[in-house]
Each structure stands twice: as C-alpha cells, then as structure tokens.
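This one's a predicted model, so the numbers in the text were calculated from it and none came from an experiment. Throughout, numbering of the chain's residues begins at 1 and tracks the sequence.
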Amino acid sequence: TDRAETERLRGRIADTLERARRRTIGLTECVDEAELVAQHSRIMSPLVWDLAHIGNQEELWLVRDVGGREPVRQDIDHLYDAFKHARADRPALPLLDPAQARDYVGTVREKVWDVLERSPLRGGDLVEGGFAFGMIAQHEQQHDETMLATHQLRTGEAVLSAPPTPAATATVTGEVVVPAGEFSMGTDTDPWALDNERPAHPVHVDAFAIDAAPVTNEQFLAFLDDGGYERPELWSERGWAHRVEAGLTAPQFWEQDGGGRWWRRTFGAMQPLRTHQPVVHVCWFEAEAYANWAGKRLPTEAEWEKAARFDPATGRSRRYPWGDGDPTAALANLGQHHLEPADIGAYPAGASPLGVHQLIGDVWEWTASGFDPYPGFRAFPYREYSEVFYGGDYKVLRGGSFGADQVAARGTFRNWDHPIRRQIFSGFRLARSLTADDL
Ligand code: AVJ
Ligand code: FE
C-alpha cells in the first residue's frame with residue numbers, strides 16, 4: 001500500500017542519515033580538539049568547520065524549510081556559508097568549538113527526526129520522494145569525503161584504520177569498444193538525483209574505445225620513469241606552467257627512498273607502491289600529460305556515462321554498470337569501508353555489460369569535460385549547489401571513490417573540481433576515438 005511504501009521510505013531516509021552521521025562522528029572523534037580546530041592545509045577547512053557546516057545545512061533545509069520550524073542558531077549562518085569565507089580564512093572565524101559543534105549537530109538532528117516523522121514525503125518538489133532528506137544525506141557524505149581528504153593531508157600518526165581491500169579475482173586489461181549511437185544521459189527518475197544530473201536527454205556518441213580499468217600505479221610510474229614530468233611536449237601549456245610552479249614530480253603522497261623504491265603515504269602509514277592499484281591523488285593536468293604520453297585521451301563525460309550505463313542488449317541506460325540494484329560490498333569499493341582503492345580486477349561482479357570494470361568506486365575519474373548544464377537544466381533547490389559553478393574553471397569527475405558513500409555515487413552523479421586539485425581521491429582512465437583501422 002501507499003502507506004507501507006511511505007513508511008519504508010521513511011526508514012530508508014533514517015538509515016541513510018544515520019549512516020552519514022556515524023561516519024561524521026568517526027571522522028571527528030579520532031583526533032583531539034587542537035587537531036579539530038587546526039588547518040591541516042590552506043585548501044581545506046578545519047574539521048570543526050565541516051562538522052558545524054553539516055549541521056547548518058541540515059538546519060536550513062530540513063528544520064527551517066521542510067519543517068517550517070524556528071531557527072536553532074540563525075546567528076551562525078554566515079560563519080558556515082561556504083560562499084562567504086574562503087577555506088583559508090575559516091580558522092580565524094569565531095567558529096563553534098568542538099563541543100558546541102557536536103551539540104549543535106545533535107540538536108538539529110533531534111528536530112529532523114521529528115520533521116521526518118511528520119512529513120508526508122510527497123507533494124511539492126522539495127519533499128517528493130524524500131528529496132530534501134536525500135540531498136542533506138548526500139551533503140553530509142560529501143563533506144565526510146572532504147574530511148577524509150583532510151585526514152589524508154594531516155601529518156602525524158595514523159588514526160584511521162580499515163580492513164584491506166579485496167584481492168583481484170579477475171585479469172582485466174586492454175580496452176572495450178563502445179558502439180556508436182544515441183544513449184540516454186542523466187535522469188528524471190532517480191528521486192534523490194541532484195539538479196545537475198537532470199534532465200535525462202538523448203546524446204549521440206561516436207564509437208570509441210575506453211580502458212577496461214583505471215590507470216594503475218605501475219602504469220603511472222612508467223610515465224614518470226620515462227621522464228613524464230620533465231617533458232613539456234607531453235603537457236598542455238597551462239598544465240606545464242602548473243607543473244613547474246607547483247613543483248610536481250610525482251602524484252601527491254608518493255615518496256622515493258634512497259634505494260629508488262617508491263612508497264605511498266596513506267592516512268599516516270607508508271606502504272610500498274601497490275602495482276595494480278589505481279593511481280590516486282593526481283590532478284587533471286597530470287592525467288592529461290599521461291594520456292598524451294600513452295597516445296590516448298581522457299573520455300568525455302558523455303563517453304564515461306555511456307560506458308557506465310548503456311546496456312547494449314536493451315538500449316536502456318541503467319543506474320549502475322551492473323544494473324539497477326544498489327551497490328554492495330561485492331560490486332564496488334565505496335563508503336570508506338577501505339581506506340584506499342582496490343587492485344584492478346577486485347570487483348568483476350561490478351563490471352558493465354561491455355566489460356568495463358571499477359567505474360563506480362575506488363577513484364574519482366577525471367573526464368575531459370568542463371562542468372556545464374544539461375539541456376533543460378533547472379536550478380533546484382538552490383543556485384549555489386550547481387548553477388554558479390557552470391562554465392567555471394572546473395573539470396567533471398565521475399564514478400565516486402573509496403571515500404564516497406553510495407548515496408552520493410551513481411551512474412549519473414557528477415562531481416567537479418579545479419584541474420589543479422589532487423587532494424581529492426582522483427584518478428582516471430583513458431579512452432580514444434576509433435580510426436578506420438579499428439572499424
Ligand atoms: C560537488 C563535491 C564539488 O564539496 O564543494 C558540498 C559538494 N556542495 N557542499 C563540494 C558540496 C555544497 C561539492 N562538490
Ligand atoms: Fe557544503
């Protein structure tokens with residue numbers, strides 16, 4: 001019945017909000033107060049800012065807007081408005097201290113349980129299908145991933161731990177040809193899809209080849225060993241200027257010992273570079289240079305999504321490479337269950353019908369595309385989520401990383417960042433246009 005369905009949705013919303021909150025608490029209780037208020041990098045907020053910002057967005061949308069309740073702390077709205085203060089300036093603000101921030105997010109959440117209990121979860125775009133609740137869960141999880149990136153930047157002893165990634169059980173090499181033709185990009189039907197994923201629209205894509213797997217540490221090391229960071233002809237003009245100015249000589253967090261062996265620092269622990277693990281912490285310009293070196297290119301966003309969603313048997317676009325069902329631990333490395341990408345071949349069950357692996361999870365994949373609206377885009381529920389970023393200096397990333405929760409990772413989900421950024425869990429895979437020889 002309708003009633004039973006609404007109750008099921010309520011339960012799913014509660015579970016999703018609780019999962020996000022458990023993660024937020026985990027990321028903020030494992031370091032001391034000094035570390036919560038410290039700035040571990042000028043490009044990141046103090047963890048205590050993310051914490052209270054999570055509560056403030058939840059208050060704005062769920063308590064005040066959906067719930068129509070009195071504000072909890074209207075006086076602090078400006079402190080946690082991401083557009084008012086740059087990340088570098090946030091430590092100097094009169095922020096809530098860690099105890100106040102914890103109290104605040106707890107108070108807001110208590111009110112949200114009451115709002116959820118009373119919401120019909122239909123009627124009006126904001127609550128239809130639980131959208132606003134889903135949006136806020138995605139917001140919290142996206143900030144959790146940002147906080148995880150802050151953890152990776154902090155120095156000192158490791159405080160996070162997780163079980164090792166599953167071993168590879170399949171051999172995955174080479175590329176997959178995706179046939180020419182139209183496919184449906186974006187979505188009208190996913191109830192929690194954000195504005196930038198909408199609407200569904202047909203896109204014609206020429207036949208292309210895409211790598212069955214992301215580029216690995218071993219492959220990236222071959223580029224480095226071949227002088228990749230010293231050959232301007234492999235880089236775009238902007239990319240080379242950034243390479244020089246930022247002094248890039250390897251992916252972030254790679255270190256070479258006196259014997260010439262490479263190591264990777266991951267959440268405070270040093271590990272020998274894992275050969276078959278997707279490379280992570282590279283910026284778009286490094287991906288571009290690698291692609292030039294390999295004689296290929298990055299996929300466009302449409303190519304990536306077609307590879308991830310197009311089912312050649314039916315012509316339909318699926319929610320995920322493996323079908324329409326939600327992610328599980330056997331399908332994709334998501335949700336911070338592990339603290340690094342898994343080796344290539346670790347998720348054969350998650351491959352697309354055409355045999356493209358690990359599109360969802362492991363690493364965010366840089367695409368060739370800038371962040372632009374789909375035809376028919378409508379900003380919802382606020383311009384500052386997506387619209388103000390369109391046409392800016394951003395490249396789209398797809399697929400989600402080991403640090404992305406499944407609520408904020410799906411076949412249509414779009415992430416974006418500046419092409420110089422690499423503190424995010426970013427990697428890439430290559431594509432190429434087909435030539436007469438291939439056809
Ligand atoms: C979509 C990941 C680029 O973290 O800046 C968080 C998501 N928007 N709060 C970001 C977001 C508002 C956004 N990204
Ligand atoms: Fe935010």
Side-chain angles (χ1 to χ4, degrees), residues 41-44 87 142 145-146 149 152-153 196 208 210-211 213-217 219-224 228-254 264 277-305 307-308 341 358-359 361-373 386 389-404 409 413-433:
S41 157
R42 279 184 56 80
I43 62 169
M44 305 304 275
R87 283 179 173 181
Q142 288 184 279
E145 185 169 1
T146 298
Q152 167 67 359
L153 283 162
N196 61 55
F208 68 101
I210 189 162
D211 285 1
V215 169
T216 63
N217 287 330
Q219 292 169 324
F220 201 87
L221 184 58
F223 159 77
L224 189 155
Y229 282 89
E230 286 130 48
R231 293 162 54 186
E233 72 274 15
L234 295 175
W235 298 66
S236 59
E237 206 174 307
R238 249 193 100 190
W240 183 252
H242 176 67
R243 210 262 347 119
V244 171
E245 195 224 304
L248 305 184
T249 54
Q252 195 171 10
F253 309 114
W254 282 29
R264 202 170 78 81
Q277 179 180 61
V279 67
V280 60
H281 297 299
V282 289
C283 70
W284 188 88
F285 292 126
E286 288 167 294
E288 181 190 39
Y290 179 96
N292 289 337
W293 172 79
K296 294 194 183 185
R297 60 175 174 77
L298 294 176
T300 65
E301 200 185 354
E303 287 171 338
W304 191 97
E305 187 169 321
Q358 286 164 284
L359 286 152
D362 295 300
V363 290
W364 285 105
E365 299 182 18
W366 286 113
T367 72
S369 303
F371 186 50
D372 288 308
S386 307
F389 298 99
Y390 287 146
D393 185 24
Y394 301 100
K395 296 293 183 189
V396 171
L397 300 116
R398 290 301 205 100
S401 75
F402 65 90
F413 191 91
R414 308 174 75 195
N415 191 5
W416 64 93
D417 214 328
H418 296 298
I420 65 169
R421 289 292 185 235
R422 57 182 202 163
Q423 87 286 0
I424 53 176
F425 305 110
S426 50
F428 63 101
R429 80 175 67 219
L430 297 182
R432 66 186 176 89
S433 302

Could you tell me whether the side chain of E245 reaches within less than 4.5 Å of the side chain of I420, counting heavy atoms only?
no
Between F220 and W254, what is the ring plane arrangement, given parallel below 30°, perpendicular above 60°, and tilted in between?
perpendicular
Distance-minimising heavy-atom pair for A291 and R297:
CB-CA, 3.8 Å
In the structure I gave you, are the side-chain heavy atoms of Q152 and H281 within less than 4.5 Å of one another anywhere?
yes
Just do the side chain to side chain contact (heavy atoms under 4.5 Å, CB included) check on Y290 and L430 with the steps written out, would you?
CA-CA 9 Å; Y290 179 96; L430 297 182; 3.5 Å; yes
Which atom pairs, one a donor and one an acceptor, fall under 3.5 Å between side chains of residues 389-398 and the rest of the protein, sequence neighbours left out?
{"unit_1": "D393", "atom_1": "OD1", "unit_2": "R238", "atom_2": "NH1", "d": "3.1"}
{"unit_1": "D393", "atom_1": "OD2", "unit_2": "R238", "atom_2": "NH2", "d": "2.8"}
{"unit_1": "R398", "atom_1": "NE", "unit_2": "E301", "atom_2": "OE2", "d": "3.0"}
{"unit_1": "R398", "atom_1": "NH1", "unit_2": "E305", "atom_2": "OE1", "d": "3.2"}
{"unit_1": "R398", "atom_1": "NH1", "unit_2": "G411", "atom_2": "O", "d": "3.0"}
{"unit_1": "R398", "atom_1": "NH2", "unit_2": "E301", "atom_2": "OE2", "d": "3.0"}
{"unit_1": "R398", "atom_1": "NH2", "unit_2": "E305", "atom_2": "OE1", "d": "2.7"}
{"unit_1": "R398", "atom_1": "NH2", "unit_2": "Y374", "atom_2": "OH", "d": "3.1"}

Flag the pair Q219 / V279 as yes when at least one side-chain heavy-atom distance between them is below 4.5 Å, and no otherwise.
no
Could you please spell out the steps behind the side chain to side chain contact (heavy atoms under 4.5 Å, CB included) verdict for W304 and L359?
CA-CA 9 Å; W304 191 97; L359 286 152; 3.6 Å; yes
Provide the closest heavy-atom pair for G400 versus A404 in the form atom of the first, atom of the second, distance.
CA-CB, 4.0 Å
State, to 0.1 Å, how close E303 and F208 come at their nearest heavy-atom pair, and which atoms those are.
O-CZ, 3.4 Å
Restricting to non-hydrogen atoms, name the atom on G399 and the atom on A409 that form the minimum distance, rounded to 0.1 Å.
O-CB, 4.4 Å
If we only count heavy atoms from C-beta on, is the L153 to M44 side-chain gap below 4.5 Å?
yes
When you measure from the side chain of N292 to the backbone of L234, do you find a donor-acceptor pair of N or O atoms at a distance under 3.5 Å?
yes
With rounding to the nearest 0.5 angstrom, report the CD to CZ distance, Q277 to R264.
4.5 Å
Closest approach of P214 and E365, non-hydrogen atoms and distance?
CG-OE2, 4.0 Å
Quick check against the 3.5 Å criterion: does W235 have a side-chain atom that pairs as donor or acceptor with the backbone of E288?
no
Looking at F285 versus W240, is the centre-to-centre ring distance below 6.0 Å?
no
Considering non-hydrogen atoms only, spot the tightest contact between T249 and Y229 and give its length.
O-CD1, 3.4 Å
Could you tell me whether the side chain of W366 and the main chain of V282 form a donor-acceptor pair under 3.5 Å?
yes
Taking only residues two or more places apart in sequence, or in another chain, which ones meet R422 in a side chain to side chain donor-acceptor pair (under 3.5 Å)?
E286
Side chains of Q423 and S41 only: does a donor on one sit below 3.5 Å from an acceptor on the other?
no
Got a second to check how far L224's CG is from L248's CG, nearest 0.5 Å?
11.0 Å
I'd like to know whether N415 forms a side chain to side chain contact (heavy atoms under 4.5 Å, CB included) with E145, so could you lay out the CA-CA distance, the side-chain angles of the two residues, the decisive distance to 0.1 Å, and finally the verdict.
CA-CA 12 Å; N415 191 5; E145 185 169 1; 5.6 Å; no
Is there a side-chain contact between R421 and S426 in this structure, where contact means two heavy atoms from C-beta onward sitting under 4.5 Å apart?
no
Any donor-acceptor N/O pair, R231 side chain to A289 backbone, under 3.5 Å
no
With the side chain counted from C-beta on, respond yes when D417 and W364 share a heavy-atom pair under 4.5 Å apart, and no when they do not.
no
Quick check: does any side chain N or O of R432 sit under 3.5 Å from a backbone N or O of K296, one acting as donor and the other as acceptor?
no
